[in-house]
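A note on names: the letters A, B, ... follow the listed sequences, proteins ahead of strands, and every chain is numbered from 1. Model, not experiment: these values are computed from the prediction. Hydrogens, waters and symmetry mates are skipped; everything else that's a heavy atom, side chains included, is used.
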2 protein chains.
Amino acid sequence: MTSGQSLPQDPEPTLTIAEVAERTGLSHDTLRYYEKAGLIERVGRTTGNQRRYDAADLLWLEFLLRLRDTGMPIAGMQRYARLRARGDVSVADRLAMLREHRAELADRMRALRRNARALDAKIHHYERLLDEQTGTEETT
Amino acid sequence: MTSGQSLPQDPEPTLTIAEVAERTGLSHDTLRYYEKAGLIERVGRTTGNQRRYDAADLLWLEFLLRLRDTGMPIAGMQRYARLRARGDVSVADRLAMLREHRAELADRMRALRRNARALDAKIHHYERLLDEQTGTEETT
DNA sequence: GTAGAACCTGGAGCGCGCTCCAGGTCAAGC
DNA sequence: GCTTGACCTGGAGCGCGCTCCAGGTTCTAC
């Protein structure tokens with residue numbers, strides 16, 4: 001019933017911060033910062049107060065990274081994390097957030113495609129220009 | 001021979017900073033900042049030292065915005081602007097920069113599409129989940 | 001049991017891309 | 001010619017998302 005796809009296997013909190021940093025590409029500092037910022041719910045600890053992450057933490061971090069990489073600011077992720085912490089009652093709100101974020105992403109992707117086409121045009125322009133220059137110089 | 005498409009009409013420097021701000025969406029401060037940073041070559045001035053932009057300035061600004069909006073940092077734009085200032089001899093270098101930038105843009109767009117698909121999956125998951133919840137509550 | 005690496009905390013600092021401010025000059029309308 | 005709003009400059013400040021630091025604790029290997 002609980003998830004567990006495509007990841008290590010242990011549902012137990014066994015990953016050190018260094019291992020999670022390695023897997024997510026985040027730095028130790030960023031992981032601690034995200035936790036302090038409330039993006040990650042309090043991570044498990046050893047008796048000696050060192051963090052031990054589990055597979056679910058890793059999945060959640062990967063999701064956060066998806067939000068981040070699609071342009072959601074930390075404040076947005078905090079809002080989402082707070083909703084998530086409230087459990088199933090917040091599913092509708094989370095869905096609304098995701099839909100809105102998805103729509104903004106679509107807008108930005110459209111804009112990028114427009115700009116990419118314009119860049120392509122400029123590149124082609126320069127390619128032609130260079131061909132001419134080179135041709136001219138060769139005949140000199 | 002000099003350009004002049006799709007824009008006002010006057011090749012003369014007649015646009016005040018306010019007008020350029022309006023057309024580009026940049027603030028007055030940002031326009032001055034870009035000039036100070038060397039992104040825009042010294043803009044024309046009135047005898048009273050006030051800026052007057054011409055159509056070419058506007059085209060260049062629009063191009064800069066395209067670079068910015070596709071993720072090029074200021075330092076990159078500065079490099080490009082310096083090349084441009086050297087004239088035709090730098091066409092090959094500018095082309096190389098544009099190609100590299102275009103390739104990075106393609107990478108980022110690919111990553112965005114991947115992330116967008118993952119978000120869609122999550123959204124659909126929540127939609128199904130919500131349907132179930134709602135259904136359950138209705139029968140209560 | 002001890003060395004050395006990994007980890008902890010709170011808080012300061014940084015790079016980026018602007019944005020704001022103070023204190024002045026200029027221009028357009030009356 | 002005067003007012004008022006737009007503009008000027010140099011430089012300080014800001015919000016974001018980390019990143020670094022000091023000073024201490026814990027873990028691992030020997």
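Distance from the side chain of K36(A) is smallest for dG11(C) among the nucleotides dC8(D), dC18(D), dG11(C). When the nucleotides dA27(C), dC8(C), dC7(D) are ranked by their closest atom to the side chain of T47(B), dA27(C) comes out on top. Considering only the side chain of N49(B), dT9(D) comes nearest among dT9(D), dC8(C), dC18(C).
Rounded to whole Å, the distance from NE2 on H28(B) to C1' on dC18(C) is 15 Å. When the P atom of dG17(D) is taken as reference, atom CG of L65(A) falls 13 Å away, rounded to whole Å. Distance, I17(B) CD1 to dT19(C) P: 13 Å, rounded to whole Å. Protein atom CD of Q78(A) is 11 Å distant from nucleotide atom C1' of dG17(D), rounded to whole Å. Here dC16(C) presents its P atom at 15 Å from CE of M72(B), a figure rounded to the nearest Å. For the pair Y53(B) OH and dC8(D) C1', the interatomic distance rounds to 12 Å; values are reported in whole Å. Atom P of nucleotide dC18(C) and atom CG of L39(B) are separated by 9 Å, given to the nearest angstrom. The distance from atom CG of L31(A) to atom P of dT9(C) is 12 Å, rounded to the nearest whole Å.
Phosphate proximity of dC18(D) to Y34(A): present, with a side-chain N or O under 4.0 Å from OP1 or OP2. An OP1 or OP2 oxygen of dC7(D) is reached within less than 4.0 angstrom by a side-chain nitrogen or oxygen of T16(B). OP1 or OP2 of dT19(C) sits under 4.0 Å from a side-chain N or O of T30(B). For the OP1/OP2 pair of dC7(D) and a distance below 4.0 Å, the side-chain nitrogens and oxygens of R51(B) include no atom meeting the criterion. Between dC18(D) and S27(A), no contact under 4.0 Å exists linking OP1 or OP2 to a side-chain N or O. Contact check, R32(A) against dG11(C): no side-chain N or O comes under 4.0 Å of OP1 or OP2.
Within 6.0 Å of the CD atom in E41(A), the count of heavy atoms belonging to other residues, nucleotides or ligands does not exceed 12. Counting non-hydrogen atoms of other residues, nucleotides and ligands closer than 6.0 Å to CD of Q78(A) gives a total above 12.
Residues R128(B) and D131(B) are not paired through a salt bridge, judged by the lack of any N-O separation under 4.0 Å between the basic side chain and the carboxylate.
Remark on DNA chain C: of its neighbouring residues I74(B) and G48(B), the 5'-side contact belongs to I74(B), judged by nearest-heavy-atom nucleotide. Toward the 5′ end of DNA chain D lies the nearest nucleotide of A75(A), the other residue of the pair A75(A) and Q50(A) mapping further downstream.
Side-chain atoms of D57(B) come within 3.5 Å of backbone N or O of D54(B) as a donor-acceptor pair. Here the side chain of H124(B) pairs a donor or acceptor atom with the backbone of D120(B) at under 3.5 angstrom.
Residue contacts shown for R52(A) are absent, as no nucleic acid heavy atom lies under 4.0 Å away. Heavy atoms of D29(A) sit under 4.0 angstrom from at least one base atom. Among the atoms of the strands shown, only primed sugar atoms or phosphate atoms (P, OP1, OP2) are found under 4.0 Å from some heavy atom of R68(A).
Residues that satisfy the side chain to side chain donor-acceptor pair (under 3.5 Å) test with R99(A), not counting sequence neighbours, are E127(B).
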